[in-house]
Amino acid sequence: MKYDVIVVGGGHAGSEAALACARMGHKTMLLTILAEQVAASSCNPAIGGLAKGHLVKELDALGGEMGLVTDRAGLQFRILNASKGPAVRGSRAQIDMDRYRIAMRDTILHTPNLDLCQEMVEELLIEGESVVGVKTAMANEYEAHKVIITTGTFLDGTIHIGEHKQKAGRAGEFASIGLSENLRMLGLEVGRLKTGTCARVDGSSIDFDVMEEHPGDEKPVAFSFRTENFDPVNIPCHVTYTNEKTHKIIESNFYRAPLFTGQIDSQGPRYCPSIEDKINRFRERPRHQLFVEPQTLEKNEYYINGLSTSLPPEVQREMIQSIKGMEQAKIVRYGYAIEYDYVQPTELRHTLETKKIKNLYLAGQINGTTGYEEAAAQGLMAGINAALALEGKEPFVLRRDEAYIGVLIDDLVTKGTKEPYRMFTSRAEFRLLLREDNAVFRLSRYGHNLGLIDSQTMERIDDARAQINEVIEDFKSTFITPTKENLALLASIGEDKITDKVYTIDVIGRGNYDKAKLLKLKPELEKYDDFIIEQILIEAKYYRYIQKQKAGVEKLKAMMEVKIPEDFDFKTVSGLSTEIIEKLETYNPPTLQAASRISGVTPAALEILHIYLKMRGVTP
C-alpha cells in the first residue's frame, strides 16, 4: 500500500503520467474509476490536428505513448494545412476508440513498476503542508511520496440533456464528488467549466452515397518516430451539412436548451461551440459543415463532428434526421453537455506541482484545458517532474522557444484561464522553430536523458540529424555561379536565373523546390530517404527566417536575465496597467524572468519594463 507515486484518474493525462513515473524507475499506482476505460476517448475519435499534432509529436520525442498507440489504432491519417508552410501544418488521425484504449491499457498492465487499480479516490491525506497519500471510497489508504491528480471532467461532473441533469463524469460513469469537495477544503481555487459532445449514430442507418467522401492521405505519415512497418488502413470520413430545416428545429427548441435556460452557467470552449450556440450566434449562415467520422474499424458507430449538443433526445432525433444522408439515422448514444470542476492553473508551478500543497501535481482538464493532446502533454510533464523530485534532481521545464508543451504550461500557470484552454499555433511566438517535423530533433535528447527514449532510437535520431546538418552546412558554404551549365539547369527545372554567385542555401531556399528539383540540382543527395530530403528542403527554405527567430530567442534570454532593483518604483513606468503594477509591487520580482512568471504579466508589459530599465540606465 506504499508507492513512490500515485496517479488519480486514468485518462490521457493519467496514462502518460503513470507510464513516465514507472519507466523512470519509480513504484507507481494508477487509480481510476473504471479500469476498462483507461485512455478512453470521451469525445471525438481522433488524435492530433492543428497545433495538437505538434503536442503529440513532442510527446513522442520525449518518450510519451500517445503517438505510438495512435499509429497502432489509426483508421485514417492526414496532414492538415498540407498546402501551407510546415510551421502551421498539423498531423491528425482518426482512431479506433476501442482499440486505442485497449492498447493503452495493455501497455500499462505490462509496464514494470506500475499497478492499475479500479477505485475512486475520495480524499487526499495531508501531513503539514504536504500530501502523503490518498483515501478511496472503499476506505483503502495508499501512501505515496507524490500524488498526481488527472481527473478530467469527473470532478463533480454534471451531465445535461435537455431538462434532465445527472451526476456523472462521463455518460454512464460515476462523478467524483468527494475529491472535489476535498480540494476546495484544502484551499485550492476551484472553478467550473463546461464542455460537450455529439450524438453517435448507427453506421448502417447512414446514407453515405449522398455525402462528400474524405479519405486520408495516399502516403500516410506515422505520428511516432519509433513506429516501424507503418502500413495503416485508410477508412474515409464523410462531409454533410446542416440546412434551414435543421436550424429551424434547433431555434424552435432554444427554450429547452440548457445553454440558454440558465441550467448551465459555466463557460464552454470558445472554439468548439455546440450546434445550438452556433445557430444562435451565426444565424445568417445557411448551413454548417459536419464531419461524419467512424469510431471503430468495423464502422458500426459514427461521430458527427460539429453537432455537439445538449438538446433533449427527441429534438436530437429530429435535428439529425433533417440532415442530408441521415434521414433514417438511428441514434446509439445521445449528445450531452457536461459541467465539471477545475483548479485555476495559477495555483501551479511550472512543474505542475501545486504551490499550496507540496508533492501534489495536477494535469489535464483539471487545469482548465480541453483536448486529449493538451491533457497527455501535461500528464507526461507532471510524471517526469514527480519522478525527478523523488530523485532529488532539478525540475524539467520546457521554455516557450523549445516546445508547444512549454507554451501550453507557461500560458496556464502564468495567465490562468476562465474558459477551456485549447492550443493553437498562433499561441507560439517562435513557431518557425517549433515545427512538427523537427520535434524529434528538438526534444529527443531530453527524452533519452530522462530514460524514456532508448539508446538505439537515439542513435537513429542522431544519425538523421547529422545527415541533415552535413547537407545544410554544405549549402551554407558553397555557391552556385551563373555559368551556362547552371543557368541551363535552373531553366530546365523552372527556376529563375541568377546574375551573380549565390549561396546554395539561398537558391534552394527560394521556396519552389521539391524533391525532384532538388535532386536535379544536387543528384548526390539521391542517397537520402524522403524524410531527410524533406528536412533539407524545409531547413533551406526557412534558413534566413530561422536565424532571425533564433536571434530573437537569444535576445529574449538576455532580457529575462535583466535584474530589477529591489527598491524599484513600478508606478513610474508609463504604459503598464494598474493591474500589472499592483502584481509587480506585490511580488517585487528580482529579474524580468521572475516577473514573467507572475500571472497576468504579459510579454508586452515585460518589453515596456525592459525598455524603461534600459533608458534609465538601470541595465546595459
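Along the sequence shown, residues are numbered consecutively beginning with 1.
A donor-acceptor distance shorter than 3.5 angstrom exists from the side chain of Asn243 to the backbone of Ser322, with no hydrogens or angles considered. Formation of a donor-acceptor pair under 3.5 Å by the Gln344 side chain with backbone atoms of Glu189 is not found in this model. The backbone N or O of Thr158 sits nowhere less than 3.5 Å from a side-chain atom of Gln166 that would complete a donor-acceptor pair. Looking at Ser310, its side chain never comes within 3.5 Å of a backbone N or O of Ala337 through a donor-acceptor pair. Judged by distance alone, the side chain of Ser15 and the main-chain N or O of Gly11 form a donor-acceptor pair under 3.5 Å. At least one donor-acceptor pair closer than 3.5 Å links the side chain of Thr242 to the backbone N or O of His288. In this structure, the side chain of Arg442 engages the main chain of Arg435 through a donor-acceptor pair within 3.5 Å. One N or O on the side chain of Tyr372 and one on the backbone of Asn44 form a donor-acceptor pair closer than 3.5 Å. Formation of a donor-acceptor pair under 3.5 Å by the Lys278 side chain with backbone atoms of Gly306 is found in this model. Between the side chain of Tyr302 and the backbone N or O of Asp202 there is no donor-acceptor pair closer than 3.5 Å.
Considering only residues two or more places apart in sequence or on other chains, Asp341 meets the salt bridge (charged side-chain N to carboxylate O under 4.0 Å, His left out) condition with Arg184, Arg192. For Leu124, the side-chain contact (heavy atoms from CB on, under 4.5 Å) partners are Ile126, Val131, Val134, Val147, Ile149, Leu179, Asn182, Leu183, Leu186, Leu360, not counting sequence neighbours. A search for ring-ring contact (aromatic ring centres under 6.0 Å, His included) contacts involving Phe174 returns nothing, not counting sequence neighbours. Listed by chain and number, the residues in a ring-ring contact (aromatic ring centres under 6.0 Å, His included) with His160 amount to none (sequence neighbours excluded). Considering only residues two or more places apart in sequence or on other chains, Arg92 meets the salt bridge (charged side-chain N to carboxylate O under 4.0 Å, His left out) condition with Glu293. A search for salt bridge (charged side-chain N to carboxylate O under 4.0 Å, His left out) contacts involving Asp231 returns nothing, not counting sequence neighbours. Legend: residues meeting side-chain hydrogen bond (donor to acceptor under 3.5 Å, both in side chains) with Asp60, ordered by chain and number and at least two apart, are Ser224, Arg226. For Tyr255, there are no ring-ring contact (aromatic ring centres under 6.0 Å, His included) partners two or more places apart in sequence or in a different chain. Looking at residues two or more places apart in sequence or on another chain, you find no salt bridge (charged side-chain N to carboxylate O under 4.0 Å, His left out) involving Glu436.
By the 4.5 Å heavy-atom criterion applied to side chains, Leu30 and Ile108 are counted as neighbours. Under the 4.5 Å side-chain criterion, counting only non-hydrogen atoms from C-beta, Ile304 is in contact with Met326. Taking the side chain as every heavy atom from C-beta outward, Leu75 and Ile95 never approach each other to under 4.5 Å. Proximity of Asp530 to Lys515: side-chain heavy atoms (C-beta onward) are separated by under 4.5 Å at one or more points.
Cation-pi check for Arg285 over Phe282 is met; the charged atom lies under 6.0 angstrom from the ring centroid and within 45 degrees of its normal.
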In sequence, state the C-alpha distance, the side-chain angles, and the governing distance for Arg72 and Arg99, and then conclude on side chain to side chain contact (heavy atoms under 4.5 Å, CB included). CA-CA 8 Å; Arg72 291 168 60 188; Arg99 286 171 173 80; over 6 Å; no

Using side chain to side chain contact (heavy atoms under 4.5 Å, CB included), reason through Val7 and Met29 one step at a time and then give a plain yes or no. CA-CA 6 Å; Val7 179; Met29 163 71 88; over 6 Å; no

Carefully, step by step, assess Tyr303 and Phe291 under the rule ring-ring contact (aromatic ring centres under 6.0 Å, His included). CA-CA 8 Å; Tyr303 176 94; Phe291 283 89; over 10 Å; no

Gln76/Arg78 under side chain to side chain contact (heavy atoms under 4.5 Å, CB included): CA gap, chis, key distance, verdict: CA-CA 7 Å; Gln76 180 200 107; Arg78 290 183 66 199; 3.1 Å; yes

Could you go step by step and tell me if Val239 and Gln289 meet the side chain to side chain contact (heavy atoms under 4.5 Å, CB included) rule? CA-CA 7 Å; Val239 170; Gln289 189 177 60; 3.7 Å; yes

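For the pair Glu173 and Lys167, the salt-bridge criterion is not met [side-chain N within less than 4.0 Å of a carboxylate O]. Salt bridge present: Glu374 and Lys52 bring a charged side-chain N and a carboxylate O closer than 4.0 Å.
In this model, a donor atom of one side chain and an acceptor atom of the other lie less than 3.5 Å apart for Arg170 and Ser42. In summary, the side chains of Asn367 and Thr369 do not present any donor paired with an acceptor at a separation below 3.5 Å, with no hydrogens or angles considered. Side-chain contact check for His54 and Thr425: no donor-acceptor pair (N or O, by modelled atom type) lies under 3.5 Å. For the residue pair Thr227/Asp71, the side-chain donor-acceptor check at 3.5 Å is satisfied. No side-chain N or O of Thr309 forms a donor-acceptor pair with one of Gln316 less than 3.5 Å apart.
The local environment of NZ in Lys245 is sparse, with at most 12 non-hydrogen atoms from other residues, nucleotides or ligands closer than 6.0 Å.
Aromatic ring centres of Tyr271 and Phe424 lie closer together than 6.0 Å. Taking the centre of each ring, Tyr100 and His12 come in below the 6.0 Å mark.
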What donor-acceptor contacts under 3.5 angstrom involve side-chain atoms of residues 207-221, with partners at least two apart or in another chain?
from: Asp207; atom 1: OD1; to: Asp209; atom 2: N; distance (Å): 3.2
from: Glu212; atom 1: OE2; to: Tyr241; atom 2: OH; distance (Å): 3.2
from: Asp217; atom 1: OD2; to: Ile79; atom 2: N; distance (Å): 2.8

Counting only pairs under 3.5 Å, give me each side-chain donor-acceptor contact of residues 112-122, with atom names and distances, residues two or more places apart or in other chains.
from: Asn113; atom 1: ND2; to: Ala22; atom 2: O; distance (Å): 3.1
from: Asp115; atom 1: OD2; to: Tyr3; atom 2: OH; distance (Å): 2.7
from: Gln118; atom 1: OE1; to: Ala35; atom 2: N; distance (Å): 2.8
from: Glu119; atom 1: OE1; to: Thr136; atom 2: OG1; distance (Å): 2.5
from: Glu119; atom 1: OE1; to: Asn140; atom 2: ND2; distance (Å): 3.3
from: Glu119; atom 1: OE2; to: Asn140; atom 2: ND2; distance (Å): 3.2
from: Glu119; atom 1: OE2; to: Tyr142; atom 2: OH; distance (Å): 2.3

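For residues 317-339, the salt bridge (Lys or Arg N to Asp or Glu O under 4.0 Å) pairs, not counting sequence neighbours, are Glu301-Arg333.
Remark: Thr70 OG1 to Glu65 CD distance equals 9.5 Å, nearest 0.5 Å. With values rounded to the nearest 0.5 angstrom, Leu352 atom CG is found 11.0 Å from Ile366 atom CD1. One finds the OH atom of Tyr342 at 14.0 Å from the OH atom of Tyr421 (value rounded to the nearest 0.5 Å). Separation of atoms CG (Asp96) and CZ (Arg101) is listed at 9.0 Å; rounding is to 0.5 Å. The distance from the CD atom of Glu251 to the CD1 atom of Ile249 is 11.0 Å, given to the nearest 0.5 Å. Taking CD of Glu163 as the reference point, atom CG of Leu311 lies at 9.5 Å (rounded to 0.5 Å).
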